[in-house]
Amino acid sequence: MNFKQIEKKWQGRWAESGIYKADIKSKKALENKHYVLEMFAYPSGATLHWGHYFNYMLSDSYARFRGMAKNQNIEPSKQTADLKSQTNKTTTSKTPADAPTADLKNQTTKTTTSKTQPNTTAELKSQSNKLTTSKTPADAPSVFHPMGFDSFGLPAENYAIKNNVHPRVTTNRNIELAKKQIDEMGLSIDWEYEIITSEPDYYKWTQWLFLQLYKHNLAYRKEAPVNWCESCATVLANEQVVSGACERCESDVSKKNLTQWFFKITDYAEELLTGLDDKKYNLDWPEKTKLMQRNWIGKSEGVELEFKVCLVDSGDSGDSGTGSAKETKAVRATNSSAQTIKVFTTRIDTITGVNALILAPEHEMVAGLVSEKQKAEVVKYLEQTAKLSEIDRQDTSKEKTGVFIGAYALNPYNNIRVPIYIADYILAGYGTGAVMSVPEQDERDKAFAKKFNLSVPKVESVDTSKLGVKKINYRLRDWLVSRQRYWGTPIPIVYCDLCGIVPLSEKDLPVLLPDDVEFKAGTNPLENSDTFKNTTCPKCKKSAKRETDTLDTFVCSSWYFLRYPSAKNNKAPFCKTLTNKLLPVDVYVGGAEHAVMHLLYARFITKALRDMGHLNFGEPFKRLIHQGIILGSDGNKMSKSKNNFIPPQILLDKYGADVFRLNLMFAYDFTVGGAVAESGLSAMSKFLEKIERLVNMVADVAETNTADKVGAKASTVTDKAAEKELNFERHRVIDAVTKDIPNFAFNTSIARMFEIINTINKHKDKVSAGLLKDTVTDLVVMLAPLTPHFAEEMWERLQVNQAKGGARQTKGGTKQAKSSKQQSKDLGSEIWDKKNSVHAQTFPLADKAALVKDETELAVQVNNKIKGKIIVSTSATKEEIKQSALALVAPEIKEADVKNVIVIPNRLVNIVV
RNA sequence: GCGGACGUGGCGGAAUGGCAGACGCACCAGACUUAGAAUCUGGCGGGAGACCGUGGGGGUUCAAGUCCCCCCGUCCGCACCA
């Protein structure tokens, strides 16, 4: 089969017919919606990565399935690590509000209690029709599945510097390229809702977002030591610094004092933490990702207390800097000053073990406290520290360093005088930037005390309940959002000599990126653009300067999921009513690398907008799934330098999009990934060709319309047992696949399909053509989400042949017979109606009646060793099962020796002797 | 160092505490074929066998790949957060 050819054909028809147009406006659609979202791509010049294909193709299959499958009270099993213990407790109560009631259960009991078991296909069919029509299951939801591009960012600008091409040019070119590749995948995307973050009609609203945050005191400007990446020539947020190095270019990051814009994410620290486990949201996220966010937020509860600074007369013997044990003990409070140093500790109970106060070198009081004698040494240390890269400073293996500053403080509990040091292992940004050193209890303080030969006072058990004030500290810092680069969203702020910092008003947006700029390494083009920089103050109309920094691209992606439904709206960032109905996102799929960046920012922005009254929900992503990583054929991470890099589109070109997608589904656990193996692709080609042969076989029957049998042995008498078994397998597979796909368990879904193929081949000569055709038809419809083009082609083949031969077969209750008008359209095929698409069909519904077996096979064990098998009626009582099991082992086992018999219906019998 | 996940045939991978290895790949044998390819059928953890087998050692249970404890290994995240 020429997969590439049929893919082209169907992609063309889909585009012409507008089959993927999303319905998100009708009342009905909004009442039963399902928002499926994949993290959008950065359009780099290179082709898309394996991760994109893996994510987009499989998420698309999920979305397609959701749009086809009725009766979706089949909810995904939760992915949390502690799931197993939870499941038993919660599943019964966890029926989603919009899910249909447990009709099926009632139906099943109804049919099983009725004594007459169906014997022929016709009976089976009529019964299944009754079942499915008597109570109509809920309709499949209206699926919203948009796509866009995260198109601001450094690579385009760096390329501009090197090759003198404007970032807009390369970006647009790259978007075209990426879109072409996405279209080749055959995704069910409605491009009407496309978002491109570097377009003014999008970044205008990113600027709006900035102004909202500014208005609500969540955006502010301050001077602070910030992370500076020399090679990217810009500052970075804490989240973008990975072990002291730049997340993007991996070069060392240093600290620089700069005035920068921050978003006050710390205001939401507590809610960002509690929201992860809040029953109200019931987030279905990987436990690992939740944990990473928890750790990143880093809540710790303790006490903040003040140490009075103790002035020292010059010539005081304590000014030696050693602050040895005997000395400190001897000196009690005599001459305390008004100054105090605040300290945060989680171990206030160790207050009696304090031997020193240690401040961060950057602590603001250092300059004021340092004694004349120590000044030179302190200055030298400060210089040394400033020179260290973050990577060196954070190296825990290096020896502790520090210096005595020539001042003392008084322990507020017992007034014992302790020396004050500065040391680079104390972080300026955490707590108060000062700690009480307790060497007996703290490893780091112990190392410090050892290095400087300080005393190690004993920690005594004392009442510390009245000391200091209770305080909660978070590791999370405010989000540094300004970047000294061109290719980003301009910050809508003007600096006026008279009015100060002036935000633009909404009507003046967007602040457009100027085109008359020069791209040079190490400089911000906006800084050198006079037309951009020089403006007038919105308040006083006098000349003023624009902010030349742009926003971190993570700001663009922190709200894009809100924009999709309103992508074309030029009056507001998003339509409040629509967004409140369509969101939160039901399933969000993307890489785990965003666990503490994008995913945290998006949650923060959602909460902030909610508090401003723009949204009525507090968490943007209900369910989160991370796709695994596709590795090189050697099992290592793919990289061009390692020579194990296989570009995905080479294999896609060779095998076609459907086979390619199928291989991604079958060869890996979606959340794990694994090594690329081409053998898997040819296996998938064979799989589809097998199905094609089955389709041709049953399509022929309808065409000739002569016999009710298929195959060479057409004369064989229909075998009722075989029919029953095939029908059982058919519905067992439907049932399993319907449960597996919502869990992204595509590998086992395909395994079930292999099984039904095997069963069909085993029984094809013994069963009626009608059942055979229905089974193959179900298989084709089940395949529609997984191989959209191939299923379409097979579906057409089935329909066309059916039309030629006349519509003889009534469908197994899941598909509608077509009018003769529609059939003639099929045959003409010039105008293809999207209603005739396999994707417009309902996913087969498992007929529970067909899943009832008369007999089951049980294993019989004696002391856990398998001794044999028995076949018992499904209606047999435990006692009857026990008796037949004992009968089986009677030759070996004496009745008197039997201590216990455990009967597990449908599984096994264990006889304990 | 701290935290988390994982460890099952030659390979990818299946198994609500209940017959380990579903399904596929590779391999072997047979059918068809002059032959090959394709296709179809059968076999395929180890062992001649009793039996032994889910990284190793203990435990709970009638029953453990699955639950608990210790150890080893791999991967990931955080890393002086007081």
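Because the structure is predicted, anything quoted here is derived from the model rather than measured. Throughout, a chain's letter reflects where its sequence line sits, starting with A, and its residues are numbered from 1.
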Novice: Would you indicate what A/Arg294 reaches in the nucleic acid, counting non-hydrogen atoms under 4.0 angstrom: base, sugar-phosphate, or nothing?
Specialist: nothing
Novice: Using the C1' atoms only, state how far B/G7 lies from B/A63, rounded to an integer number of Å.
Specialist: 23 Å
Novice: Taking the six-membered ring of A/Phe728 as reference, does the NZ or CZ atom of A/Lys853 fall below 6.0 Å from its centre and within a 45° cone about the axis?
Specialist: yes
Novice: Which value, in whole Å, describes the distance between the C1' atoms of nucleotides B/C75 and B/G43?
Specialist: 37 Å
Novice: With a cut-off of less than 4.0 Å, is there a side-chain N or O of A/Ser679 near OP1 or OP2 of B/C11?
Specialist: no
Novice: Tell me which nucleotide among B/C19, B/C40, B/G77 gets nearest to the side chain of A/Arg693.
Specialist: B/C40
Novice: Among B/A14, B/A63, B/A22, which is the nearest nucleotide to the side chain of A/Asn747?
Specialist: B/A14
Novice: Evaluate the criterion ring pair (Phe, Tyr, Trp, His ring centres under 6.0 Å) for residue pair A/Tyr668 and A/Phe746; output intermediate values, then yes/no.
Specialist: CA-CA 9 Å; A/Tyr668 314 97; A/Phe746 297 104; over 10 Å; no
Novice: Taking the P atom in each of B/G4 and B/C70, what is the distance between them to the nearest angstrom?
Specialist: 12 Å
Novice: Using a cut-off of 4.0 Å on non-hydrogen atoms, how would the nucleic acid contact of A/Gly628 be classed: base, sugar-phosphate, or nothing?
Specialist: nothing
Novice: Please confirm whether the ring centroid of A/Phe660 lies under 6.0 Å from the ring centroid of A/Trp50.
Specialist: yes
Novice: More than 12 heavy atoms of other residues, nucleotides or ligands under 6.0 Å from CD of A/Gln441: yes or no?
Specialist: yes
Novice: When all nucleic acid strands are considered with a 4.0 Å heavy-atom cut-off, which category describes A/Ile750: base, sugar-phosphate, or nothing?
Specialist: nothing
Novice: Base, sugar-phosphate, or nothing for A/Glu443, non-hydrogen atoms under 4.0 angstrom?
Specialist: nothing
Novice: Measure from the side-chain heavy atoms of A/Arg475 and tell me the nearest of B/A79, B/A82, B/C80.
Specialist: B/A79
Novice: Under 4.0 Å between a side-chain N or O of A/Asn758 and OP1 or OP2 of B/G24?
Specialist: yes
Novice: Under 4.0 Å between a side-chain N or O of A/Tyr668 and OP1 or OP2 of B/G13?
Specialist: no
Novice: Taking the six-membered ring for Trp, are A/Phe754 and A/Phe666 parallel (under 30°), tilted (30 to 60°) or perpendicular (over 60°)?
Specialist: tilted
Novice: Choosing from B/G12, B/C62, B/C19, which nucleotide comes nearest the side chain of A/Asn910?
Specialist: B/C62
Novice: Quick check: on RNA chain B, is the nucleotide nearest A/Gly673 upstream (toward 5') of the one nearest A/Asn295, or the reverse? Name the residue that is more 5'.
Specialist: A/Asn295
Novice: Side chain of A/Thr748, heavy atoms from C-beta onward: which of B/A14, B/G24, B/A82 has the nearest atom to it?
Specialist: B/A14
Novice: With respect to the side chain of A/Leu291, which nucleotide from B/U39, B/U41, B/G4 is positioned closest?
Specialist: B/G4
Novice: Does the distance from a Lys or Arg side-chain N to an Asp or Glu carboxylate O, for A/Arg732 and A/Glu755, drop under 4.0 Å?
Specialist: yes
Novice: Taking only side-chain nitrogens and oxygens of A/Arg752, does any of them come within less than 4.0 Å of OP1 or OP2 of B/A14?
Specialist: no
Novice: A/Ile904 near the nucleic acid: base, sugar-phosphate alone, or nothing, with a heavy-atom cut-off under 4.0 Å?
Specialist: base
Novice: With a 4.0 Å cut-off on heavy atoms, is A/Lys637 in touch with a base, just the backbone sugar-phosphate, or nothing at all?
Specialist: nothing
Novice: Looking at the base of B/C62, is there any donor atom on it, or on the side chain of A/Lys899, that sits under 3.5 Å from an acceptor on the other one?
Specialist: no
Novice: Would you indicate which nucleotide in B/C23, B/G77, B/A22 comes nearest to any side-chain atom of A/Phe666?
Specialist: B/C23
Novice: Kindly point out which of B/G77, B/C19, B/A82 is positioned nearest to the side chain of A/Lys869?
Specialist: B/C19
Novice: Name the orientation of the base relative to the sugar in B/G57: syn if the glycosidic angle is within 90° of 0, else anti.
Specialist: anti
Novice: Which of these nucleotides, B/C76, B/G18, B/C80, is closest to any side-chain atom of A/Gln861?
Specialist: B/G18
Novice: Could you let me know what B/G30 is paired to, Watson-Crick or G-U wobble, both distances under 3.5 Å, or none if it's on its own?
Specialist: B/C40
Novice: Taking the six-membered ring for Trp, are A/His598 and A/His594 parallel (under 30°), tilted (30 to 60°) or perpendicular (over 60°)?
Specialist: perpendicular
Novice: From the options B/G12, B/A82, B/C78, select the nucleotide whose nearest atom is closest to the side chain of A/Val242.
Specialist: B/C78
Novice: Once you apply the 3.5 Å cut-off to both distances, tell me the Watson-Crick or G-U wobble partner of B/A79, or none.
Specialist: none
Novice: Contact class for A/Asn863 (heavy atom, under 4.0 Å): base, sugar-phosphate, or nothing?
Specialist: nothing
Novice: Base, sugar-phosphate, or nothing: which does A/Ala677 touch, judged by heavy atoms less than 4.0 Å apart?
Specialist: nothing
Novice: Please report the distance separating the C1' of B/G18 from the corresponding atom of B/G9, rounded so that it comes out in whole Å.
Specialist: 23 Å
